[in-house]
Each structure stands twice: as C-alpha cells, then as structure tokens.
Q: 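I have a structure here, written as structure tokens, and I will follow up with some questions on it.
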Amino acid sequence: MAAGRILTGMRPTGPLHLGHYVGALENWLRLQREYECFFLIADYQAFGDHLDEIDRIRRSVFDVTLDWLAVGLDPEASAFVVQGYVPEHAELTLYFSMLTPKSWLDRNPTLKAEIAQIESEHDTITMGFYNYPLSQAADILLPKADLVPVGEDQEPHIELTREIARRFNRAYGETFPEPKSLMGRVPRLLGLDGQAKMSKSLDNAIYLSDDAKTVQRKVRRMVTDITGSHPRLQASDPGVVEYNPVFNYHDVFNPNADEVADLKERYGRGTVSDGEVKDKLVDALNTFLDPIRDRRAGYEAHPDRVAEILEAGSERERKIARETIGEVREKMRLTYTPDALTAPAGKRK
Ligand code: TRP
C-alpha cells in the first residue's frame with residue numbers, strides 16, 4: 001500500500017538544471033517508491049505567460065519529460081501527466097475561482113514578485129497568469145494529493161491550496177485533504193555567477209542535459225568571489241571558502257567529503273589554485289551527470305515512446321479526475337435535475 005498520494009509538477013518552459021535536481025527531483029526519486037505519484041507537466045500554467053511561444057512550450061514538454069526520465073523517474077510506477085490532456089484541471093480551476101477571494105491571490109508573495117518582475121519589463125500580465133496559483137491548487141486537489149514535494153518558492157501556493165481545501169470542505173462537506181509541502185535538500189542553489197538562485201532567465205545554470213565539455217566550460221567561468229572585493233590573484237593567496245560558490249557546489253555535488261575538506265583547507269592556506277578546485281568540481285559534476293546522460297540517450301532515440309508515456313500517465317490521472325469532478329459537481333449541486341423546480345429558492349452558504 002502506498003503511504004499516500006503525491007501530485008507535483010513543473011511548467012514546461014525550458015530544460016531543467018541542477019537547481020531543479022537538488023530542490024525537487026531528488027525528493028521525487030526517493031518518494032516514487034513510497035507514494036502513488038502524479039508528476040504534472042503544467043502546460044496550461046506555461047500558457048499564462050508564454051502563449052505566443054507555443055513552439056517552445058511544445059518542445060519543452062518533451063525536454064522536461066526527457067529530463068524526468070533521465071534522472072530516473074519511473075513512468076511505470078508513477079503517472080507522467082500533461083495538464084492539458086486532463087481538462088478536468090481547467091474545470092476544477094473554474095469552480096475554485098468562484099470560491100476564492102481575490103485578496104488571497106493579491107497577497108501571495110511568489111505571485112506578487114513575479115507580477116512585479118513582468119511589469120518591470122513593461123509587459124502586462126494575463127488573467128491566466130494571475131490565476132495560476134489557483135489552477136495549481138486545482139492540480140493538487142484534483143487527485144486529492146496529500147503531499148507536494150516542491151521548491152521553496154512554491155510554498156505560498158501550497159498554503160493557498162490548503163486554504164481552498166478548507167473553504168470547500170466547510171461549504172460543501174469533507175472532500176479534499178489539506179496537502180503538506182516538502183522542500184528539497186538544497187532549497188536554493190546558487191547560480192554560476194554567485195547570484196542567489198540558479199535560473200534559466202538569469203543565464204547562470206548548468207543543465208541536466210549539458211554535455212561534459214559544456215560543464216567544464218561553465219565551471220571554468222564560475223565566479224570565485226561573491227563579494228567582488230576579495231580577488232585571489234594567485235594560488236598562494238589565502239582564500240575565504242564562504243566567498244567562493246565553487247565550494248558551495250562541492251558541498252552539494254561532490255560525494256568525496258575528504259577531497260572537499262582537503263581543498264577547503266588548502267584554499268584557506270593558499271596552497272591550491274582556483275583551477276584545481278574547479279577541475280575537481282567538473283569531475284564530480286560529470287560523474288553525477290553521466291548516468292543521467294546515458295538514460296536520456298536511450299529515450300531520446302524514441303520520441304514515440306515518450307509521447308506514449310505522457311498519454312498513458314494522463315489517462316491514469318483522468319480516471320481519478322473524473323471521479324473527483326463528479327463528486328464536486330454533486331456537492332456544489334451543479335446538477336439540473338427536476339427537483340430543482342420544487343426546492344426552495346435559497347441562497348448559497
Ligand atoms: N508552479 C510550478 C512550477 O513553476 C509548476 C506546477 C504546476 C506545480 N502545478 C503544480 C507544482 C502542482 C506542484 C504542484 O514549476
């Protein structure tokens with residue numbers, strides 16, 4: 001028996017990077033044997049601000065699926081779901097939009113920051129974008145998930161999901177669980193440039209699909225002093241480990257703790273070059289990425305198989321989605337049977 005149900009997902013807006021791995025995927029891999037899992041490719045959510053880039057989204061659906069398969073998520077054990085293949089996601093979003101006060105979205109810190117970012121680029125946001133946290137609540141509650149393993153920035157959306165579940169249950173009777181979130185081992189991986197976050201839009205990422213040469217090139221260009229005021233000009237200059245993001249990556253990705261301790265010690269004393277610290281990281285990262293590359297190559301040669309995985313996984317969720325929607329319609333009394341003619345014309349609540 002599974003310990004419970006998981007729904008989690010990503011929007012298909014580009015290939016996944018190391019930050020996705022340690023922030024989320026690593027947890028998914030561990031949990032896929034314990035829980036019944038639904039891994040969602042949130043194409044509707046991507047349309048909210050990228051509808052004019054449909055080619056990129058269509059491609060990214062495959063990129064994200066390949067990344068998931070490459071890291072070792074198992075499509076037999078877990079359902080890989082395309083949000084748009086299960087239109088019940090849209091239907092539940094609509095119902096939730098009628099229960100949810102606008103102020104609950106206005107105060108959502110993740111949404112607020114994203115809107116500010118978009119507006120600072122002199123773009124306007126669409127209603128679809130504004131509403132996405134609510135659609136995310138529908139994603140999670142449609143299969144009645146108990147647990148949502150995600151990155152740190154998603155927490156406000158899971159909180160909103162619990163609030164909506166509570167409100168629905170109070171109005172219409174116990175229906176939805178109040179799901180918990182689960183953060184990854186490294187909630188926020190630094191960027192190659194030392195910025196607080198690794199991200200595609202900041203162009204400071206190593207992708208799970210990068211080849212060995214690309215990883216080497218990117219690591220060699222990494223910033224080694226986040227303060228910008230403690231340059232280390234030669235190997236004999238004593239360095240400060242905490243200022244150098246390369247060590248942060250060693251801590252996260254280099255399983256050889258003795259090697260890392262030795263590099264740190266020599267860095268502090270000024271007996272190791274930046275080049276050696278970086279080369280050891282390149283080795284560690286490529287050792288980590290090699291099995292991922294092998295698995296990707298196996299699937300990349302068979303796009304039909306990948307498309308089938310998405311269809312089969314979506315079909316699996318859809319059966320449950322239909323049941324939930326049936327229950328919701330009944331509880332909300334969105335059923336036009338003749339008794340509607342004789343029931344007293346009351347108010348909701
Ligand atoms: N917002 C998530 C992201 O940006 C994607 C997502 C959509 C999601 N629906 C979800 C995450 C449901 C967890 C649960 O990647």
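Side-chain atoms are counted along with the backbone in the values below, which use heavy atoms only and exclude waters and symmetry mates. We count residues from 1, following the sequence as given. Numbering of ligands and ligand atoms starts at 1, following listing order.
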Q: Under 4.0 Å from any heavy atom of Met10, which atoms of ligand 1 are there?
A: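 What qualifies from ligand 1 is 5 (C), 15 (O).
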Q: Counting from 1, what ligand 1 atoms have a heavy atom of Ile140 closer than 4.0 Å?
A: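 Taking each heavy atom of Ile140 in turn, ligand 1 has 12 (C), 14 (C) under 4.0 Å.
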Q: Please work out whether any backbone atom (N, CA, C, O) or any side-chain heavy atom from C-beta onward of Thr8 is under 4.0 Å from ligand 1, and answer side chain, backbone, both or neither.
A: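 Under 4.0 Å from ligand 1, Thr8 contributes backbone and side-chain atoms.
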Q: Determine whether the side chains of Asn169 and Arg166 contain a donor N or O and an acceptor N or O closer than 3.5 Å.
A: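 Absent: no donor and acceptor within the cut-off.
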Q: Can you name the one residue among Phe62, Tyr299, Trp28 that meets ring-ring contact (aromatic ring centres under 6.0 Å, His included) with Trp68?
A: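 Among Phe62, Tyr299, Trp28, the one meeting ring-ring contact (aromatic ring centres under 6.0 Å, His included) with Trp68 is Trp28.
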Q: Looking at Val148, which atoms of ligand 1 are within less than 4.0 Å of one of its heavy atoms?
A: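 So the answer, numbered in order with elements, is 13 (C), 14 (C).
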Q: Would a line drawn from the ring center of Phe176 to the ring center of Phe96 be shorter than 6.0 Å?
A: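 Yes, close enough.
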Q: Got an N/O contact under 3.5 Å between Arg11 and ligand 1?
A: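 Yes; at least one N/O pair falls below 3.5 Å.
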Q: Just need the protein heavy atom nearest to atom 2 (C) of ligand 1, so name the residue and atom and give the distance.
A: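 Protein heavy atom with the smallest distance to atom 2 (C) of ligand 1: Gln154 OE1, 3.3 Å.
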Q: Are any of the N/O atoms in Gln45 less than 3.5 Å from those in ligand 1?
A: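 Min N/O separation from ligand 1 is below 3.5 Å for Gln45.
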Q: Give a yes or no on whether a salt bridge exists between Glu174 and Lys144, defined as a side-chain N under 4.0 angstrom from a carboxylate O.
A: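 Looking at Glu174 and Lys144, the cut-off is not met.
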Q: In terms of atom number and element, which parts of ligand 1 are under 4.0 angstrom from non-hydrogen atoms of Ala42?
A: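 Counting atoms of ligand 1 from 1, those under 4.0 Å from Ala42 are 7 (C).
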Q: At less than 4.0 angstrom from any non-hydrogen atom of Leu7, what atoms of ligand 1 do you find?
A: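 Near Leu7, the atoms of ligand 1 are 12 (C), 14 (C).
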Q: Is a side-chain donor-acceptor pair under 3.5 Å present for Tyr130 with Asp106?
A: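 On atom types as modelled, these side chains qualify, holding a pair under 3.5 Å.
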Q: Is Arg59 paired with Asp55 through a side-chain N to carboxylate O contact shorter than 4.0 Å?
A: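 Salt bridge absent between Asp55 and Arg59.
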Q: In plain terms, say whether Asp290 and Arg293 are close enough for a salt bridge, that is, a side-chain N and a carboxylate O under 4.0 Å apart.
A: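 Yes.
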Q: N/O to N/O below 3.5 Å, does that happen between Gln136 and ligand 1?
A: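 Such a contact does occur with ligand 1.
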Q: Please write down residue, atom name and distance for the protein heavy atom closest to atom 9 (N) of ligand 1.
A: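 The answer is Asp139 OD2, 2.7 Å.
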Q: Any salt bridge linking Asp251 with Lys264? Criterion: basic side-chain nitrogen under 4.0 Å from a carboxylate oxygen.
A: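 Between Lys264 and Asp251 there is a salt bridge, with a charged N closer than 4.0 Å to a carboxylate O.
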